[in-house]
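Have a look at the structure below, then the notes.
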Amino acid sequence: MTLAEDAIAWYDANARDLPWRQPDTTPWGVLVSEVMLQQTPVVRVEPAWHAWMTRWPTPAALAADPPSEAIRMWGRLGYPRRAMRLHACAVAMVERHGGDVPSDLDQLLALPGVGTYTGRAVATFAYGQRHPVVDTNVRRVVSRAVEGKPDAGPATTAADLAAMEELLPASPAVAARASIAFMELGAIVCTARSPRCPSCPFEKVCAWRLDGSPPLEGPSRKRQTYAGTDRQVRGLLLEVLRHATGPVPQQRLDLVWTDEVQRARALSGLVEDGLVEPFGTASFVLAGDSFEVQTL
DNA sequence: GAAACGTGGAC
DNA sequence: TGTCCAAGTTT
């Protein structure tokens, strides 16, 4: 048995029943799920995906609404630029591809918000093509099982794709199955913390396991703390704008953060990013919001 | 290639 | 309680 075959057998018996994996899911549904899942856990994506697909069953439906509605619908999934790019992506698909999600990898990669992972994921899972699909789960599984390292180092796209290519069966359909199986394995068994090795189909062949599961050595790279960052301030500002039923006066936004310099920087950042627009002289709205001018 | 970019749950 | 982590992309 190859690693891919083991993984597929395990997947067939243990895969989660996720809505975007249903056979009747459209390529658009797959694309939406992939974008929502970028850095966001499955449990938070599921309800958001259902709501999104109900409101906008096609790219054309989303493209017909302003980006502000996409940003609102995104809610608290995080990284709201993804909502904006998904909207831009829908507009681009209407313009370039007649409202269809393209099946060609290069055309996918040319869309806003679609990078190396997402493009290959859609080409593979929505269209059944044969491409290595490498996300953080796959990188960790390959790193441990094949290379014997406790965890994947920094992403090296070309090398990561080549490593996964080595493990991929020849048949496109089976290769797609292998990719989703590796991802699922990394998500629920070969996890970053406390991997469930006794439940792993690779337990007897995993290079890391055979080496005694050595821990990661050296100090872990420091992560940026969230509290007090511009990101937090942007989040607070956007939260107010999402709930707005009209233009939000500057004075209202001033309440979310006391540091004026940082507050101004965060707001101008949101405007530069295209998430927020000035409205009149001293108010702001989500990009694309068109409120009636208030009359006294 | 590093840094920026949200949010919430688990340990 | 604070750190770590979650199907990445863009600049």
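Convention: sequence-line order gives letters A, B, ...; per-chain numbering from 1.
- Every residue two or more places apart in sequence or in another chain that forms a ring pair (Phe, Tyr, Trp, His ring centres under 6.0 Å) with A/Trp52 is listed here: A/Trp56, A/Trp74.
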Polar atom pairs (N or O), protein with nucleotides 9-11 of chain B, under 3.5 Å:
none

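- The salt bridge (charged side-chain N to carboxylate O under 4.0 Å, His left out) search around A/Arg144 returns A/Asp151, not counting sequence neighbours.
- Across all strands shown, A/Val114 has heavy atoms under 4.0 Å from sugar-phosphate atoms exclusively, and none from any base.
- Cluster partners of A/Val271, by chain and number: A/Ile71, A/Met84, A/Val233, A/Leu236, A/Leu237, A/Leu238, A/Val240, A/Leu241, A/Val248, A/Leu253, A/Val256, A/Trp257, A/Leu267, A/Leu270, A/Leu275, A/Val276, A/Phe284, A/Leu286. The rule joins Ile, Leu, Val, Met, Phe, Trp and Tyr whenever side-chain heavy atoms lie under 4.5 Å apart.
- A/Tyr117 has its OH atom 14 Å from the P atom of C/dT10, to the nearest Å.
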For residues 98-106 of chain A, which side-chain N or O atoms pair as donor and acceptor with protein atoms under 3.5 Å away, sequence neighbours left out?
| from | atom 1 | to | atom 2 | distance (Å) |
| --- | --- | --- | --- | --- |
| A/Asp104 | OD2 | A/Asp106 | N | 3.1 |
| A/Asp104 | OD2 | A/Gln107 | N | 3.0 |

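- Taking every heavy atom of residues 155-188 of chain A and every atom of DNA chain B, no pair lies under 4.0 Å.
- Side-chain contact annotation: A/Asn14 with A/Glu184, donor-acceptor N/O pair under 3.5 Å absent.
- Looking at A/Glu239 and A/His243, their side chains do bring a donor and an acceptor atom within 3.5 Å of each other.
- Across all strands, A/Ser33 comes closer than 4.0 Å to no nucleic acid atom at all (heavy-atom distances).
- Below 30°, between 30° and 60°, or above 60°: for A/Phe182 and A/Phe202 the angle between ring planes is between 30° and 60°, a tilted geometry.
- Applying a 4.0 Å cut-off to non-hydrogen atoms, the residues of residues 71-90 of chain A that approach DNA chain B are A/Arg76, A/Leu77, A/Gly78, A/Tyr79, A/Pro80, A/Arg81, A/Arg82, listed by residue number.
- For the pair A/Gly119 and A/Thr191, nearest-nucleotide mapping onto DNA chain C gives the more 5' position to A/Thr191.
- Toward the 5' end of DNA chain C, the nearer of the two residues A/Leu109 and A/Leu18, judged by each one's closest nucleotide, is A/Leu18.
- Within the nucleic acid shown, A/Thr118 comes within 4.0 Å of sugar-phosphate atoms alone, with no base atom in reach, counting heavy atoms only.
- Residue A/Ala192 is in sugar-phosphate contact alone, with no base atom involved, counting any heavy-atom pair closer than 4.0 Å across all strands shown.
- Chaining together hydrophobic side chains whose heavy atoms lie under 4.5 Å apart leaves A/Val91 on its own.
- With hydrogens and angles disregarded, no donor-acceptor distance shorter than 3.5 Å links the side chain of A/Thr40 to the backbone of A/Leu37.
- Comparing the P positions of C/dA7 and B/dA10 gives an interatomic distance of 15 Å, to the nearest angstrom.
- Taking atom CH2 of A/Trp49 as the reference point, atom P of C/dA7 lies 19 Å away to the nearest angstrom.
- Protein atom CG of A/Leu237 is 13 Å distant from nucleotide atom C1' of B/dG6, rounded to whole Å.
- Residue A/Arg265 is classed as having no contact, given no heavy-atom separation below 4.0 Å to the nucleic acid.
- If you take CD of A/Gln39 and P of C/dC4, they are 16 Å apart, rounded to a whole angstrom.
- Not counting sequence neighbours, the partners of A/Asp289 by the side-chain hydrogen bond (donor to acceptor under 3.5 Å, both in side chains) test are A/Ser68, A/Arg72.
- Closest to the A/Tyr226 side chain, of the nucleotides B/dT7, C/dT9, B/dC5, is B/dT7.
- In this structure, A/Ile8 shares a hydrophobic cluster with A/Val174, the cluster being traced through Ile, Leu, Val, Met, Phe, Trp and Tyr side chains under 4.5 angstrom apart.
- At a non-hydrogen distance threshold of 4.0 Å, A/Asp135, A/Thr136, A/Asn137, A/Arg140 from residues 134-149 of chain A come into contact with DNA chain C.
- At C/dA7, none of the side-chain N or O atoms of A/Gln38 fall inside 4.0 Å of OP1 or OP2 (strictly under the cut-off).
- Contact between A/Glu5 and A/Thr2 at its shortest, heavy atoms only, is OE1-N, 2.9 Å.
- When the P atom of B/dT7 is taken as reference, atom CE of A/Met36 falls 15 Å away, rounded to whole Å.
- For the pair A/Glu46 CD and B/dT7 P, the computed distance is 21 Å after rounding to whole Å.
- Residue pairs meeting the side chain to side chain donor-acceptor pair (under 3.5 Å) criterion with at least one member in residues 114-131 of chain A, sequence neighbours excluded: A/Glu34-A/Tyr117, A/Gln38-A/Thr118, A/Gln129-A/His131, A/Arg130-A/Glu165.
- Under the 3.5 Å distance criterion, with hydrogens and angles disregarded, no donor-acceptor pair is assigned to the side chains of A/Tyr79 and A/Arg85.
- Using a 4.5 Å heavy-atom cutoff, the side chains of A/Arg16 and A/Arg21 are in contact.
- The separation of C/dT9 from B/dG8, taken at their P atoms, amounts to 23 Å, rounded to a whole angstrom.
- With hydrogens and angles ignored, no donor-acceptor pair closer than 3.5 Å exists between the side chain of A/Thr225 and the base of C/dG2.
- We find that CG of A/Asp230 is positioned 12 Å from C1' of B/dA3, with the value rounded to whole Å.
- As a whole-Å value, the separation of A/Leu31 CG from C/dG8 P is 15 Å.
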